[in-house]
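I have placed the structure first, in the form of structure tokens, so that the comments after it can refer back to it.
In what follows, chains carry the letters A, B, and so on, assigned in the order in which the sequence lines appear, proteins first and then strands, with residues in each chain numbered from 1.
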Protein chains: 2
Amino acid sequence: MAVTLADVAARAGVSAATVSRVLSGNYPVAGATRSRVLRAVEELEYVVNGPASSLAAATSDLVGVLVNDIADPFFGIMASAVQSEMEPEKAGGKLAVVCNTGGSPERELTYLMLLQRQRAAAVVLTGSAVEDPGHAEALAARLRRLAAAGTRVVLCGRPPLPEAGGDGGQGGGKGAAGAGPGGTGAPLTVAFDNRGGARRLTEHLLALGHRRIGYVAGPAERTTTRHRLEGHRAALADHDRDHGRDLLTEADRLTVHGAYDRSSGYDGALELLRREPGLTAVLAANDTVALGVCAALREAGLSIPGDVSVAGFDDLPFSADASPSLTTVRIPLHEAGARAGRLALGRESAPPGDVATVRTELMVRASTAAPRTD
Amino acid sequence: MAVTLADVAARAGVSAATVSRVLSGNYPVAGATRSRVLRAVEELEYVVNGPASSLAAATSDLVGVLVNDIADPFFGIMASAVQSEMEPEKAGGKLAVVCNTGGSPERELTYLMLLQRQRAAAVVLTGSAVEDPGHAEALAARLRRLAAAGTRVVLCGRPPLPEAGGDGGQGGGKGAAGAGPGGTGAPLTVAFDNRGGARRLTEHLLALGHRRIGYVAGPAERTTTRHRLEGHRAALADHDRDHGRDLLTEADRLTVHGAYDRSSGYDGALELLRREPGLTAVLAANDTVALGVCAALREAGLSIPGDVSVAGFDDLPFSADASPSLTTVRIPLHEAGARAGRLALGRESAPPGDVATVRTELMVRASTAAPRTD
DNA sequence: CTGTTAGCGCATTCAA
DNA sequence: TTGAATGCGCTAACAG
């Protein structure tokens, strides 16, 4: 039916082996032969049979990128950055494909299995992980099997995997050396400093004079949610220590959880307002949630930042020209994704300890200001 | 190295063929045998070798979804909808993977080639197409080859492919019949009524009393851009005819082009204001552009909709709670994507003429109002 | 219902 | 630098 290597070989008057060598390009072939083959390929419109090639070579050129929500630019930007490193047009380039888990742990495992089935060259997992112990264990097991099967595993925007039980020793992580395919066995990780970012954000509000700060957090069981909340609380704890206050206890009452979407922000803000009408600031799980918060506040007749300051997280493109422009914490998503992509291809050597933490940066804009002094 | 079918067969005390049959599930196997095999699979942690399986069966379970911009929710929503139809957890389920073309025609062709190489079961192309004749021809050729190789091709949110040269006849398109794999040869299409939506939007502004309407259009060479612009101009032409005015000529001067992003909206609005300070309304290529327009207008000291009305297109989730909430044209992206997914799987019969056009709906919100009467 | 057999199309030995 | 031969792991006839 379809054109095969043999057809091309016949047309070019060479053996199939030669055609294969020309196409993969990693073997010496005489110039004349090469062009003859290439011409035959053109004329016959030959396209390599990927499955056959993968079977024979025991490798594929698929790279899977798992995202929690493909409709969220947070993931879109990272995924796009990963893809930008793949050079699909060149021979030897990879085909990066993104898979949408929808935040479901089961679906995450399913996709990893399908990617393992495809013998993917690499897999990049982006975004927060679910902290359920059962799932964490299942995930770690699956990733271990993937790595054992020769698939590179890279984590991007999620914390390093917890140590597998047993090993015990904390001994010096193999240095920064090459760590070839497999490395220490633990997946390479590009982590975000969510904790530090959240901490600086809360410090910013505190410095402005805010004392009643609401927090619309993400889903309770996710690492990113926990880290950001921890940063927030660390800043409050510091403040309590230095000023003999007890903001930290207040924070329990002034924290609500929801999804990483606008309606959570909207509902969360209303709930916070009900719990504490005297709120002067609201921190949101991310920028999208922050927009929902803003909408709810406005509908409640409150001005931003006149009555209530609002801040987000991530610094997605729309944050800068929301109105008012959103104070937030910038995460270099593109750089992180690109780096994850390079790590996945083995084009960049593993970071020390196999974990690279990318800095986050406080972006102070118009949505935060000193609270009204009544 | 890796566990193979033969290993599982040995462990279960059956033949490889039986294991294969159990796993693919489309062949009768005795219950006892089946569970024995399944247990062996568990114990050995066996994962099918996709390439081998694809090679032998001459089909793969990959479905490619091409998008112009993976960081844009417009595409994210459609891609997610396509994936939602794939049932990857079930045997026989497909692995939907999204590929980001970045709007580049070359990259689009590259991805299609890679997908053909993988012998993808289906390919869904989403969003507007580039109208360059050279590329259109190359694309059509590639899609023809894909279809010939047994890959189902579905267009979602882009117009049907122009007829291949030669055929001439417009004869009755085969009726609504099954049109099995291959059908008429032309790709199945889920098209959006961009023209009608844009027309109703402009009519809405006209009815409100606007006469100086700016238009920040998308990239000049894209089908979606052209269709929306045509709808806009059709509404103006109708108005001219009925009222003896010449809004259509004005429209040439009041139309600017840019990318489908915020900064285009921002820049475009400033340019329009320069050309016509007396502008009372601005239509944007899509909702994202509209937000940029709003930002520029506000910075210019103009209120929305008090001084200038603004409208978008697509009705992405953020549009409803922008401030002011955005008048826009709703496209049922999720339904369209899901339908494209079903068409790709052959789970839904082809629409009459192989083209389904989904309706668009005018959503009147707070960003449009009657112009100030000075 | 199950086993046997024969490729699927390519990459890669080994010779030449 | 090239060709011939072998097998990657699986599915799909065909028998039984």
Does the salt bridge (Lys or Arg N to Asp or Glu O under 4.0 Å) test come out yes or no for K90(A) and E87(A), once each step is laid out? CA-CA 6 Å; K90(A) 295 163 92 156; E87(A) 311 186 323; 3.8 Å; yes
Send over the distance from D7(A) CG to dC8(C) P, rounded to a whole Å. 12 Å
I want to check one thing: is the phosphate of dG9(D), taken as OP1 and OP2, less than 4.0 Å away from some side-chain N or O of T4(B)? no
Would you say a side-chain N or O of T18(B) is under 4.0 Å from OP1 or OP2 of dG3(C)? yes
Candidate nucleotides dC1(C), dC8(D), dG9(D), ranked by approach to the side chain of T33(B) - the nearest: dC1(C)
R21(A) has its side chain closest, among dT12(C), dG9(C), dC1(C), to dT12(C)
With a 4.5 Å limit on heavy-atom distance, are the side chains of L345(B) and K94(B) in contact? yes
State whether S15(A) places a side-chain N or O below 4.0 Å from either non-bridging phosphate oxygen (OP1 or OP2) of dG3(D). yes
Applying a 4.0 Å non-hydrogen cut-off, can you work out what V14(B) is touching in the nucleic acid: base, sugar-phosphate, or nothing? sugar-phosphate
Consider the side chain of L55(A), meaning its heavy atoms from C-beta on, and name the nucleotide among dT2(D), dC10(C), dC8(D) that approaches it most closely. dC8(D)
Does any donor atom in the side chain of S104(B) or T101(B) lie under 3.5 Å from an acceptor atom in the other side chain? no
Contact under 4.0 Å: S20(B) side-chain N or O vs dT11(D) OP1/OP2: yes
A56(B) vs V29(B), nearer the 5' end of DNA chain C by closest nucleotide: V29(B)
Counting heavy atoms from C-beta on, name the nucleotide in dC1(C), dA11(C), dG7(C) closest to the side chain of A30(B). dC1(C)
Would you kindly give the CD-to-P distance between Q116(B) and dG9(C), to the nearest whole Å? 14 Å
Rounded to whole Å, CG of D61(A) lies from P of dC10(C) at a distance of 14 Å
Assert: residue with more 5' nearest nucleotide on DNA chain D, out of Y27(B) and G50(B), is G50(B)
Under 4.0 Å, heavy atoms only, any strand: does L5(A) hit a base, just the sugar-phosphate, or nothing? sugar-phosphate
Quickly work out the N26(B) CG to dA13(D) P distance and round it to whole Å. 11 Å
Which of the following nucleotides, dA11(C), dT2(D), dC10(D), is nearest to the side chain of S53(B)? dC10(D)
The side chain of A17(B) lies closest to which of these nucleotides: dT11(D), dA12(D), dT2(D)? dA12(D)
Can E108(B) and N68(B) be counted as having a side-chain donor-acceptor contact under 3.5 angstrom? no
Euclidean distance, atom CG of residue N49(A) to atom P of dG9(C) [Å, nearest integer]: 7 Å
Applying salt bridge (Lys or Arg N to Asp or Glu O under 4.0 Å) to R339(B) and E335(B), what does each step give before you reach the verdict? CA-CA 6 Å; R339(B) 184 155 187 195; E335(B) 294 88 303; over 6 Å; no
Check: R119(A) side chain, dG9(D) base, donor-acceptor under 3.5 Å: no
